[in-house]
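Right, one structure below, let's go through it.
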Amino acid sequence: MPFHHTRLPNGLTIIGETSPSARSVALGYFVRTGSRDETPEEAGVSHFLEHMMFKGTPRRTAEQVNLDFDRIGSSPNAYTSEENTVYYAAGLPEYLPQMLDILSDILRPSLRDDDFDTEKKVILEEIKMYDDQPGSVAGENARRIYYGGHPLGNSVLGTLGSVGALTRDQMHAYFTRRYAANNIILSVAGNYDWDQMVAQAAAACSGWNTAEVGRTHRTECNGVGGLHVLTRPKVQQEYVLFLAGGPPADSKMRYAADTMALAVGDDTGSHLYWALIDPGLADSADCSFYENDGSGVVYASFTSELEHAERNMEIVRKVLANVQKNGLTAEELKLAKSKITSRWVRGSERPMGRMNAIASMWAYTGEYRDVDTELANYDAVTLDDVRAYLDKYPVDRLTTVAFGPGAKVAGVEGQVV
């Protein structure tokens, strides 16, 4: 699958893999902006703005946006994270020009006052609904506590107060500042003609503005430490999360971190599975590595009845302490690498998977790695690599957050939230 890349005079980066044997094509605009790039007064604006992109442009009404995608059998979508806002679509190769035209159009929205006021109500309701999902609330609070004042701890949704006070002019200023062409990557994968696609993208996007954009606080964060208990009496189970520092997205240690996390907390055949799930001590348990710009983090977690929470916390701590001391066995490393490479291959068989993968690589490292190269990077992980990773980022140096009905957990009084 040949790789191509170019950069328009205004700074828009275009990357792509071409695969003539593919039966579809996927494309997406990756805007390098998210909740970590917001000021406290703007909290939630990235996610709010994602919604506004689909509310109409100078060329299309919101209804026309949906109808135009529907006519070509393509279902667009978007998401906002701490670091990126992404707009994407997939469809048949013959409809790539239409998909590219619509996606490019919506990235220059009208941002009308009436639409802003209407959608604000939708966002406020979403925040309220989100607050009724214990797992999500636990995760967001764990991240906020772990990162302390670091921007990676910012809420993607924002708060009722911040979103409620946000003005259309604030959103427009943020859009102009962060949605500059030189802060955006267009990624395409599948069956298409590269030169034709670039010519169309240049015609659609060459008028986009350029701005001075960057990202502050790209320093590593190792958490605040300690046990933090958050109490919500109506929640039925206790959600406990353990967070430890990890390598940033552009570090080669990310492969060892990813492999270790899977060995510790995969949903089958892992340390936490055998320690908590198989004996029926917890309803769920996992461990994952999340890479970020400048700082990574490892999450281990479980959910269980409150009466079992303290015992399970000690089990998880012992599992992590054992891994920190002894690392992985050769068999555990082999099994973890086999699972990771299998998932990589399966995910890469679809243009959508490759479109996302190459954009993420480019955004964080400025590099392209084909599937074989990425598989080789995982296959090359050794027990010594895992040891070196654990020595630099101890997996037992924890910030622990318990969220649920417990008014007091492991001797720590809870704060009602």
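- Using a 4.0 Å cut-off between charged side-chain N and carboxylate O, K337 and E332 make no salt bridge.
- No donor-acceptor pair under 3.5 Å is formed between the side chain of D115 and the backbone N or O of L111.
- Identified under the ring-ring contact (aromatic ring centres under 6.0 Å, His included) test for residues 78-112, with sequence neighbours left out: none.
- Within 6.0 Å of CG on D114 lie no more than 12 heavy atoms contributed by other residues, nucleotides or ligands.
- Of the possible donor and acceptor atoms, one in the side chain of E238 sits under 3.5 Å from a partner among the backbone N and O of G406.
- Atom CE of M53 is separated from atom OG of S110 by 11.0 Å, given to the nearest 0.5 angstrom.
- Aromatic ring pairs are classed by plane angle as parallel below 30°, tilted from 30° to 60° and perpendicular above 60°; the pair H4 and W194 is parallel.
- Relative ring orientation between H51 and H47 is described as perpendicular, the plane-to-plane angle rising above 60° on a 0-90° scale split at 30° and 60°.
- Using modelled atom types, no side-chain atom of R144 and backbone atom of N154 make a donor-acceptor pair closer than 3.5 Å.
- In this structure, CZ on F302 lies 10.5 Å from NE2 on H308, to the nearest 0.5 angstrom.
- The aromatic ring centroids of W208 and Y29 lie less than 6.0 Å from each other.
- A donor-acceptor contact closer than 3.5 angstrom is absent between the side chains of N10 and T210.
- Centroid-to-centroid, the aromatic rings of F289 and Y299 stay 6.0 Å apart or farther.
- Classified by interplanar angle (parallel below 30°, tilted 30° to 60°, perpendicular above 60°), the ring pair F116/F48 is parallel.
- The closest donor-acceptor contact from the side chain of N209 to the backbone of T176 lies under 3.5 Å.
- Around atom CZ of R23, no more than 12 heavy atoms belonging to other residues, nucleotides or ligands sit under 6.0 Å away.
- If you check the side chains of S35 and E82, you find no donor sitting under 3.5 Å from an acceptor.
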Distance-only donor-acceptor hits, side chain of residues 272-281, under 3.5 Å, sequence neighbours excluded:
none

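- The residues K121 and E119 are annotated as not salt-bridged, no charged nitrogen and carboxylate oxygen being separated by less than 4.0 angstrom.
- Atom CZ of R350 is surrounded by 12 or fewer heavy atoms from other residues, nucleotides or ligands within 6.0 Å.
- Looking at E38 and S46, their side chains come closer than 4.5 Å, going by heavy atoms from C-beta outward.
- S206 places a side-chain N or O within donor-acceptor distance of the main-chain N or O of A202, the cut-off being under 3.5 Å.
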Stepwise side chain to side chain contact (heavy atoms under 4.5 Å, CB included) test for V224 and Y146: CA-CA 6 Å; V224 299; Y146 172 82; 5.9 Å; no
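- Between R59 and T57, the side chains place no donor N or O within less than 3.5 Å of an acceptor N or O (distance only, hydrogens not considered).
- Of the charged side-chain nitrogens involved, none lies within less than 4.0 Å of a carboxylate oxygen, so that R32 and E83 do not count as a salt-bridged pair.
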What pairs of donor and acceptor atoms, side-chain ones from residues 156-166 against any protein atom, are under 3.5 angstrom apart with sequence neighbours left out?
from: T159; atom 1: OG1; to: G161; atom 2: N; distance (Å): 3.4
from: T159; atom 1: OG1; to: S162; atom 2: N; distance (Å): 2.9
from: T159; atom 1: OG1; to: S162; atom 2: OG; distance (Å): 3.2
from: S162; atom 1: OG; to: A43; atom 2: O; distance (Å): 2.9
from: S162; atom 1: OG; to: T159; atom 2: N; distance (Å): 3.0
from: S162; atom 1: OG; to: T159; atom 2: O; distance (Å): 3.3

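- How far CZ of R7 is from OG1 of T13: 4.5 Å, rounded to the nearest 0.5 Å.
- Rounded to the nearest 0.5 Å, atoms CE (M197) and OG1 (T18) are 9.5 Å apart.
- Counting heavy-atom neighbours within 6.0 Å of Q133 CD, excluding the residue itself, gives a total above 12.
- Side-chain atoms of F30 and S187, non-hydrogen and from C-beta on, do get closer than 4.5 Å to each other.
- Across L262 and A336, no two heavy atoms sit closer than the pair CD2-CA, 3.7 Å.
- D68 places a side-chain heavy atom less than 4.5 Å from the side chain of R60.
- Between N141 and L241 the shortest side-chain heavy-atom distance does not fall below 4.5 Å.
- Under the 4.5 Å side-chain criterion, counting only non-hydrogen atoms from C-beta, V381 is in contact with L333.
- A distance-only check finds no donor-acceptor pair linking the side chain of E125 to the backbone of V122 [under 3.5 Å].
- Electrostatic pairing of D266 and R343 counts as a salt bridge here, judged by a charged N lying under 4.0 Å from a carboxylate O.
- One finds a salt bridge joining R215 and D37 here, because a Lys/Arg side-chain nitrogen approaches an Asp/Glu carboxylate oxygen to under 4.0 Å.
- For the atom pair M260 CE and Q324 CD, the distance stands at 8.5 Å (nearest 0.5 Å).
- In summary, D131 and R232 engage in a salt bridge, as defined by a charged side-chain N under 4.0 Å from a carboxylate O.
- The pair R387-D391 counts as a salt bridge, with a side-chain nitrogen and a carboxylate oxygen less than 4.0 angstrom apart.
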Go through W344 and E374 one step at a time and tell me if the side chain to side chain contact (heavy atoms under 4.5 Å, CB included) criterion holds. CA-CA 8 Å; W344 251 96; E374 198 70 350; 3.5 Å; yes
